[in-house]
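The structure appears below as structure tokens.
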Amino acid sequence: MSASLQPPAGKTLLVRNARLLVTMDAGRREIADGAVFIRGHAIEQVGASSDLPQKADEIIDASGCLVMPGLVNTHHHMYQSLTRAVPAAQDGELFNWLQTLYPIWAGLTAEMIHVSTLTAMAELMLSGCTTSSDHLYIYPNDCRLDDSIEAAQRIGMRFHAARGSMSVGQSAGGLPPDSVVEKEDAILKDTERLIGTWHDASRHSMLRIVVAPCSPFSVSRDLMKASAQLARRHGVSMHTHLAENVKDVAYSLEKFGMTPAEYAEDCGWVGHDVWHAHCVQLDEPGIALFARTGTGVAHCPCSNMRLASGIAPVRRMLDAGVPVGLGVDGSASNDGAHMLGEARQAMLLQRVGFGPDAMSARQALELATLGGAKVLGRDDIGALAPGMSADLVMFRLDQLAYAGALHDPLAALVFCTPSTVDCSIIHGRVVVRDGQLTTVELAPLVEQHNRLAAELMAKAGNR
């Protein structure tokens, strides 16, 4: 993280007078008139406003606000914000959706990756997200994962940058066209370069690298195994897609003679250092395997509905002990990146599939905070407690959306229309103030993003 984004080591920040402070700590305390005292980039004290220090280098009055831990997004494809609502890809399931978009994404450039990452992160931050993973698995032209990393540093988001990859094109029985796949030795070499250049394993780290072959239908068994070995040699986490829809399952059975979960285990892709996106069609033995090994799941309800993939059995996963977090997924299959909205959809979709008590508002927000932190392998985010990273967000409760819902302000966040944050603090630094980003100017960013989106479509002959 650049020095300009670091708060001064001894600077103190006091957030006080919160109507409700939601801690997500071990006791799940919800404190009326609560406060958080921050020193540098870590939380020092949490409690009632009257019990905490009354002076600090900066004081933020959270009167009328709900204050809670920043939300954690465990799965995204930020470059896809350039191809939202593409007419030819508005309908259809996962495989034909991908086959429509692959040729368009082949025109991506480094500038497009950088700008789309800024756009996606701005959207996330305004929705209450303070930590995000991003799975970049396509590298045409001059694109590099570094383009995403530099955008994250500019905007000030805590980032898990996943070096994705595709190596099996259509000529070898894979789904993507040959024009967008890479050589496997080049993938592994670049992944190692990125870990050596960028990865920070320390507590409160702002940047970690993740090893992330795209999916069973776009990489080889050899690459899956070699990637796992590389990741464990360097002590970094691992991420891929798994069991997203019925065609995904059929592909695994036909090509490997195994269910997706069996294939993941065969390749070394289970354990506390692994999380899989979607798992909509994960079977009961797969759930038991993930619970036994501590393998995580990124649940993406909006995308799963958009592509008609099904309803992930999240309630059964949680009951079995599977770590589950939330993900917005790519902005071409959602087509948004609102983490609070994703928590709402997670709650509602579980109720549609499994009954009215399948998920409560508090359980949905726990998935979006502590659940996401566990999936990413972190014990320093997801809760407001002494020693935790200073990542917190504030929502004003006097908005029209919450009128009549203040009997239970925390539940109101999930049951009512998703709102944007009034203030966001990441790593002890205010990145949203009075509902406005402080690190990037939004209007010119949106203008540049729309220009590049039009350019990308024109390259592919889509206007």
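- Rounded to the nearest 0.5 angstrom, L340 CG and L124 CG are separated by 12.0 Å.
- Between the T295 side chain and the V270 main chain, no donor and acceptor come within less than 3.5 Å of each other.
- No donor-acceptor distance shorter than 3.5 angstrom exists from the side chain of S424 to the backbone of V432, with no hydrogens or angles considered.
- H427 has its side chain within reach of H204: a pair of non-hydrogen atoms, C-beta onward, lies under 4.5 Å apart.
- Paired with E58 under the rule salt bridge (charged side-chain N to carboxylate O under 4.0 Å, His left out), one option of R429, R433, R39 passes, and it is R433.
- Other residues, nucleotides and ligands contribute at most 12 non-hydrogen atoms within 6.0 Å of the CD atom of Q436.
- Considering only heavy atoms from C-beta on, H199 stays 4.5 Å or farther from L207 through its side chain.
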Practice task
Could you please spell out the steps behind the side chain to side chain contact (heavy atoms under 4.5 Å, CB included) verdict for L410 and L365?
Solution key: CA-CA 9 Å; L410 179 55; L365 285 174; 3.1 Å; yes

Exercise for the section: Determine, stepwise, if the pair M78 / I113 fulfils side chain to side chain contact (heavy atoms under 4.5 Å, CB included). Expected result: CA-CA 8 Å; M78 294 183 182; I113 296 296; over 6 Å; no

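- Counting only heavy atoms from C-beta outward, the side chains of V328 and H338 never approach each other to under 4.5 Å.
- The line from CG of N17 to CG of L21 is 11.5 Å long, rounded to the nearest 0.5 Å.
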Problem - Working for salt bridge (charged side-chain N to carboxylate O under 4.0 Å, His left out), residues R163 and D146 - result: CA-CA 10 Å; R163 204 304 181 180; D146 310 64; over 6 Å; no

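- Side-chain atoms of H114 and T117, non-hydrogen and from C-beta on, never get closer than 4.5 Å to each other.
- Interatomic distance, CG of L98 versus OG1 of T100, reported as 8.5 Å (0.5 Å rounding).
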Practice task
Walk me through it: do Q399 and S419 pass the test side chain to side chain donor-acceptor pair (under 3.5 Å)?
Solution key: CA-CA 9 Å; Q399 302 178 55; S419 173; 2.8 Å; yes

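- When all heavy atoms of A264 and L242 are compared, the closest pair comes out as CB-CD2, 4.2 Å.
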Practice task
In sequence, state the C-alpha distance, the side-chain angles, and the governing distance for W105 and T83, and then conclude on side chain to side chain donor-acceptor pair (under 3.5 Å).
Solution key: CA-CA 8 Å; W105 297 335; T83 52; 3.1 Å; yes

Exercise for the section: Walk me through it: do S215 and S218 pass the test side chain to side chain donor-acceptor pair (under 3.5 Å)? Expected result: CA-CA 5 Å; S215 62; S218 61; 2.8 Å; yes

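- Note that the CD atom of E44 and the OG1 atom of T12 stand 8.5 Å from one another [nearest 0.5 Å].
- Remark: the backbone N or O of R203 is not paired with any side-chain donor or acceptor of D380 at under 3.5 angstrom.
- For the pair V324/V375, no side-chain contact is recorded, criterion being any heavy-atom separation below 4.5 Å from C-beta on.
- Scanning both residues, I60 and C423, for their nearest heavy atoms gives CD1-SG, 4.2 Å.
- Sorted by first and then second residue, the ring pair (Phe, Tyr, Trp, His ring centres under 6.0 Å) pairs with a member in residues 280-309 read H276-F290; sequence neighbours excluded.
- Across all their heavy atoms, D329 and S303 have their closest contact at OD2-OG, 2.6 Å.
- The closest side-chain donor-acceptor pair between T240 and W269, if any, does not fall under 3.5 angstrom.
- In terms of the ring pair (Phe, Tyr, Trp, His ring centres under 6.0 Å) criterion, W198 has no residue partners (sequence neighbours excluded).
- In this structure, R208 contributes its side chain and H160 its backbone to no donor-acceptor pair below 3.5 Å.
- With contacts defined as side-chain heavy-atom distances shorter than 4.5 Å, the pair P409/F395 does not qualify.
- Side-chain contact of H77 with D134: a donor-acceptor pair under 3.5 Å is absent, judged by distance alone.
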Practice task
Might you work through the side chain to side chain contact (heavy atoms under 4.5 Å, CB included) test for M125 and I426, ending with a clear yes or no?
Solution key: CA-CA 10 Å; M125 287 163 70; I426 301 177; 4.2 Å; yes

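- In this model, no donor atom of one side chain and acceptor atom of the other lie less than 3.5 Å apart for S205 and S202.
- Summarising the geometry, atom CZ belonging to R16 is positioned 13.5 Å from atom CG belonging to D51; distances are rounded to the nearest 0.5 Å.
- Checked by atom type and distance alone, the side chain of E262 pairs as donor or acceptor with a backbone atom of T259 at under 3.5 Å.
- Under 3.5 Å, the side chains of S309 and N245 contain no donor-acceptor pair of N or O atoms.
- Classified by interplanar angle (parallel below 30°, tilted 30° to 60°, perpendicular above 60°), the ring pair H278/H241 is parallel.
- Remark: side-chain polar atoms of Q448 are not paired, donor with acceptor, to backbone N or O of L445 under 3.5 angstrom.
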Practice task
Output, in order, the C-alpha distance, side-chain angles, deciding distance and verdict of side chain to side chain contact (heavy atoms under 4.5 Å, CB included) for T74 and L326.
Solution key: CA-CA 6 Å; T74 62; L326 292 185; 5.5 Å; no

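- Checked against the 6.0 Å centroid criterion, the rings of H135 and H239 qualify as a close aromatic pair.
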Practice task
Could you give me the CA-CA distance, side-chain angles and deciding distance for E441 and R154, then say whether salt bridge (charged side-chain N to carboxylate O under 4.0 Å, His left out) is met?
Solution key: CA-CA 11 Å; E441 194 175 347; R154 176 179 166 190; over 6 Å; no

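- Checked by atom type and distance alone, the side chain of H76 never pairs as donor or acceptor with a backbone atom of S133 at under 3.5 Å.
- Taking every heavy atom of both residues into account, F159 and A152 meet most closely at CD2-CB, 3.5 Å.
- Side-chain contact, E342 with N334: a donor N or O sits under 3.5 Å from an acceptor N or O.
- Taking 4.5 Å as the limit, some side-chain heavy atom of R158 sits within range of a side-chain heavy atom of R378.
- Between D273 and S237, the side chains place no donor N or O within less than 3.5 Å of an acceptor N or O (distance only, hydrogens not considered).
- Residues S81 and S331 bring no donor and acceptor atom of their side chains to less than 3.5 Å of each other.
- Rounded to the nearest 0.5 angstrom, M339 CE and R344 CZ are separated by 15.0 Å.
- Remark: side-chain polar atoms of Q54 are paired, donor with acceptor, to backbone N or O of L52 under 3.5 angstrom.
- Panel note: side chain T439, backbone I155; a donor-acceptor pair is recorded below 3.5 Å.
- The shortest distance between side-chain heavy atoms of I43 and L384 falls below 4.5 Å.
- Between the side chains of E447 and N450, no donor-acceptor pair of N or O atoms lies under 3.5 Å.
- Aromatic ring pairs are classed by plane angle as parallel below 30°, tilted from 30° to 60° and perpendicular above 60°; the pair F217 and Y251 is perpendicular.
- Contact detail for M347 and S360: the closest heavy-atom pair is SD-C, 3.9 Å.
- No side-chain donor-acceptor contact under 3.5 Å links D391 to the backbone of T130.
- Taking all atoms of both residues into account, the shortest heavy-atom contact from A89 to R306 is O-NH1, 3.2 Å.
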